[in-house]
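Hydrogens, waters and symmetry mates are skipped; everything else that's a heavy atom, side chains included, is used. By convention in this document, chain letters (A, B, ...) are assigned in the order of the sequence lines, proteins followed by strands, and residues within each chain are numbered from 1.
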Amino acid sequence: MVSWFGIEAGMGFAILGAALAVFLGGIGSSIGVGIAGQMASGVVTEDPEKFGKLLLLQALPGTQGIYGFLVGFWVILKVGLLGGDPASITIDQGFQLFAACLPIAFSGLISGIWQGKVSAAAMGIVAKRPEASGKALILPAMVETYAILGLLASILLITGIRI
Amino acid sequence: MSISQDSRYAYAVGRIRVLENKLLDKTKMQRLQNAKSVDEALLVLSETEYADLVAKAPNPYDIDAITTEEIKRVYLLIRELLPKEALADLFLIKYDIHNLKVLLKAHYQKKDFDYLLVDAGLVPAETIKSVLKNDQLSGVPKEYYAGVKAAKAAYEDRQDPKVIDEVLDRTQNAMMADMASKGGHEFYRRILAAKVDLINLKSLARVKRLGRGRAFLDDSLLPGGTLAPSFFTPLYGSDWVQLVQAFSLTSYKAVVEQGVAAYLESGQLTTLEKLADNFQMTMLREAKMFALGPEPIIAYVMAKENEVRNIRIIMIGKKNGVATAEIAERLRESYV
């Protein structure tokens with residue numbers, strides 16, 4: 001067991017990975033939902049009836065934060081931090097878990113911001129052509145693909161790591 | 001990264017996107033044009049965003065008052081949407097400049113033109129009036145003061161009210177270009193530069209048509225466009241075909257070609273002027289491609305200004321019994 005300043009290095013890496021997944025995904029989502037929310041407020045100020053359609057669009061960039069949280073939670077569960085009986089994690093395993101968290105951490109950060117921008121733009125469609133609202137939903141959903149791929153990669157990697 | 005830059009405008013853009021829907025589209029404009037009388041036209045207006053204004057106006061036939069109210073409403077909205085932005089100021093300067101021109105001319109001609117003042121500018125018309133009367137600097141942007149000083153000097157030198165317009169137009173363009181570049185609004189700067197080019201083109205055509213002389217043209221040309229004033233001056237002496245050729249490498253090729261062709265046929269510059277305005281509108285439509293950012297807001301205000309101008313053309317035409325076809329000839333393209 002390698003220990004730095006009294007911290008078990010393996011466990012430290014695993015926790016760092018979990019933290020990154022949660023907070024980078026969270027940053028991406030909060031910026032994205034923030035941009036979309038401002039635009040939605042503008043549209044609703046002038047046309048309150050559009051609220052329902054806009055809510056869906058605003059929620060779309062929120063998923064990255066959830067994915068990040070999911071991966072972080074998975075890691076916490078895997079290393080046994082939740083049950084009060086932490087597994088002993090070698091530095092190799094710890095680093096593997098850390099690396100496994102990176103796909104969702106970074107794809108969540110970037111895709112969250114961009115999905116927010118596309119959502120805001122799509123709200124322009126809802127404001128102008130309510131009949132095309134379905135199409136407006138598809139465009140930001142495209143960005144979601146890459147967050148999902150990041151989530152998938154992270155989950156597959158974590159599942160594959162032996163502890 | 002541009003996240004913070006553009007998303008600042010997200011709320012404003014959201015509101016503008018809805019308001020854009022209320023702009024008068026081609027069909028509405030068409031119905032307005034085809035109205036048989038002023039009353040019928042007012043009825044058409046009552047089905048639009050102008051309904052409230054028409055209903056509340058003390059005299060619904062006073063279309064200037066109604067449209068001025070509407071423009072004021074739009075400027076107030078922009079102020080509200082962009083409280084800390086110089087962007088809103090950009091649109092207000094021209095009303096101050098208009099008031100300055102009116103007051104200066106009134107001063108020199110010893111007449112009362114107060115009814116021409118428009119209270120929609122950056123500074124209340126009353127403040128401008130008292131500033132001019134007391135010749136003091138406080139309360140107005142210092143550029144106004146410099147402009148007034150230059151206009152007074154020019155007038156006293158030449159005794160021609162037109163120089164007041166010229167000097168103050170220059171002040172206005174310089175201020176607007178300066179504010180646009182400081183605020184980093186590339187889109188607005190580009191539109192403004194094209195506007196200056198087109199104003200210069202119109203001045204060139206007008207001075208050439210009337211044969212007022214090169215010096216007169218030199219005085220009218222404004223700096224700040226993509227084409228320098230030195231591009232325009234030599235064209236005064238050349239014939240119309242050469243003028244068309246000179247513009248063939250600029251983005252105004254089509255405007256000049258068709259405008260000059262129409263002039264040579266009819267002897268009128270109205271087509272050229274209309275094409276120039278439509279060129280601006282085409283540029284403005286690019287704003288539809290910007291999802292976030294100040295562009296849609298700028299475009300909305302300018303679209304509104306254009307709409308108001310068209311409504312005035314129609315209503316004043318109707319009032320004076322101008323034929324529908326003739327009115328249509330003068331109308332500019334709308335944004336939507």
Side-chain angles (χ1 to χ4, degrees), chain A residues 24 27-58 60-61 64 106 108-133 135-137 139-140 142-143, chain B residues 1-28 48-49 51-52 70 73-74 76-85 87-88 284-301 303-304 334-336:
Chain A
L24 287 182
I27 291 177
S29 272
S30 40
I31 295 178
V33 175
I35 295 175
Q38 287 181 57
M39 180 95 173
S41 311
V43 177
V44 171
T45 309
E46 297 294 339
D47 190 355
E49 278 168 23
K50 301 239 160 75
F51 179 70
K53 283 169 183 160
L54 295 175
L55 189 65
L56 212 57
L57 280 171
Q58 193 201 351
L60 274 179
Q64 281 81 350
F106 286 102
L109 172 67
I110 305 294
S111 73
I113 296 170
W114 281 99
Q115 197 171 27
K117 289 189 168 194
V118 182
S119 278
M123 286 172 180
I125 306 181
V126 176
K128 204 142 210 177
R129 298 188 197 285
E131 70 279 4
S133 298
K135 288 172 189 145
L137 202 60
L139 301 172
M142 291 291 187
V143 188
Chain B
M1 211 160 153
S2 58
I3 305 165
S4 57
Q5 273 288 314
D6 281 355
S7 61
R8 265 191 312 168
Y9 300 102
Y11 173 75
V13 173
R15 287 188 70 173
I16 293 294
R17 287 294 181 223
V18 180
L19 292 173
E20 271 175 8
N21 286 344
K22 297 183 184 164
L23 287 169
L24 270 57
D25 57 12
K26 278 202 187 86
T27 348
K28 283 266 162 61
T48 66
E49 217 182 348
D52 267 5
E70 175 68 3
R73 188 188 65 78
V74 171
L76 278 177
L77 172 80
I78 301 305
R79 260 265 170 271
E80 181 196 327
L81 290 180
L82 310 166
K84 285 183 189 149
E85 288 264 351
L87 185 59
L284 218 51
R285 287 209 191 96
E286 283 173 32
K288 291 185 178 173
M289 305 300 157
F290 290 89
L292 294 165
E295 292 83 1
I297 307 164
I298 296 172
Y300 175 74
V301 182
K304 201 72 192 170
S334 2
Y335 179 64
V336 286

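Other residues, nucleotides and ligands contribute only 12 or fewer heavy atoms inside 6.0 Å of the CD atom of A:Glu49.
Minimum interatomic distance between B:Arg8 and A:Gln38 (heavy atoms only, all atoms of both residues): O-OE1, 4.3 Å. A:Gly42 and B:Arg15 get closest at one heavy-atom pair: O-CG, 2.9 Å.
Remark: B:Arg285 engages B:Met281, B:Thr282, B:Lys288, B:Glu333, B:Tyr335 in a side-chain contact (heavy atoms from CB on, under 4.5 Å) (not counting sequence neighbours). With sequence neighbours left out, the side-chain contact (heavy atoms from CB on, under 4.5 Å) criterion links A:Val43 to A:Lys50, A:Leu54, A:Ala127, B:Val18.
Note that CE of A:Met39 and CZ of B:Arg17 are 6.0 Å apart. Values are rounded to the nearest 0.5 Å. Atom NZ of residue A:Lys117 and atom CG of residue B:Leu292 lie 7.0 Å apart, to the nearest 0.5 angstrom.
Between chain B and the residues A:Ser41, A:Ala121, A:Ala122, the largest count of heavy-atom pairs under 4.5 Å involves A:Ser41.
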